[in-house]
Student: 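So that we are looking at the same thing, I have put the structure below in structure tokens.
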Amino acid sequence: MVQYAVTLKDGDWTVFCDGQALERGLTRSAAIQMAKDLAFVAEERGDSVELLIQGYYGDLSRRLTGGAED
């Protein structure tokens with residue numbers, strides 16, 4: 001499983017992949033779009049994906065997708 005997350009870190013919206021920062025200093029909408037694009041590519045490879053997106057008030061939304069059928 002691959003995990004992508006969009007969180008507010010040190011005042012900047014940041015995209016993470018499996019806990020490692022990929023891109024910082026984005027707008028929230030740009031960070032969400034980047035994470036969704038990365039998740040789509042991972043799903044196309046057949047990976048299961050967990051997508052976590054932090055809201056403006058700290059709430060967290062979570063989406064899980066399955067990978068390729070074995």
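Quick caveat: nothing in here was measured; it's all calculated off a predicted structure.
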Student: Working note: V2 + R45, criterion side chain to side chain contact (heavy atoms under 4.5 Å, CB included); need CA distance, chi angles, decisive distance, verdict.
Tutor: CA-CA 11 Å; V2 179; R45 284 192 312 256; 4.3 Å; yes

Student: Quick check: do Q3 and F16 have side-chain heavy atoms less than 4.5 Å from each other?
Tutor: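 No; the side chains remain at least 4.5 Å from each other.
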
Student: With rounding to the nearest 0.5 Å, note down the distance linking CD in E23 to SG in C17.
Tutor: 13.0 Å

Student: Which pair of heavy atoms, one from V6 and one from W13, lies closest together, and at what distance?
Tutor: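 Looking at all heavy atoms of both residues, the shortest contact is CG1-CE3, 3.9 Å.
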
Student: Kindly work out whether a path of hydrophobic side-chain contacts (I/L/V/M/F/W/Y, heavy atoms less than 4.5 Å apart) joins L22 to L51.
Tutor: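 Hydrophobic grouping puts L22 with L51.
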
Student: Flag the pair L64 / S48 as yes when at least one side-chain heavy-atom distance between them is below 4.5 Å, and no otherwise.
Tutor: no

Student: Which atom pair, heavy atoms only, marks the closest approach of V15 to A31?
Tutor: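 In terms of heavy atoms, the two residues are closest at CG2-O, 3.4 Å.
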
Student: Between V49 and A42, which heavy-atom pair has the shortest distance, and what is it?
Tutor: CG2-CB, 3.7 Å

Student: How long is the span from the CD atom in E43 to the OG1 atom in T65, to the nearest 0.5 Å?
Tutor: 3.5 Å

Student: Just so I know, are the side chains of D12 and L26 near enough to count as touching, which here means a heavy-atom distance under 4.5 Å?
Tutor: no

Student: If you measure from CZ on F40 to OH on Y4, what distance do you get to the nearest 0.5 Å?
Tutor: 12.5 Å

Student: Check whether any side-chain heavy atom of R28 lies under 4.5 Å from a side-chain heavy atom of I53, and answer yes or no.
Tutor: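 They are in contact (side-chain heavy atoms under 4.5 Å apart), so the answer is yes.
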
Student: Find out if a path of hydrophobic residues (ILVMFWY) with successive side-chain heavy-atom gaps under 4.5 Å connects Y57 to L60.
Tutor: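 No; tracing contacts between hydrophobic side chains, which count when under 4.5 Å, never links both residues.
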
Student: With rounding to the nearest 0.5 angstrom, report the CD to OG1 distance, Q20 to T14.
Tutor: 12.5 Å

Student: Calculate, to the nearest 0.5 Å, the distance between atoms CG and CD belonging to D59 and Q54 respectively.
Tutor: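 The distance works out to 8.0 Å.
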
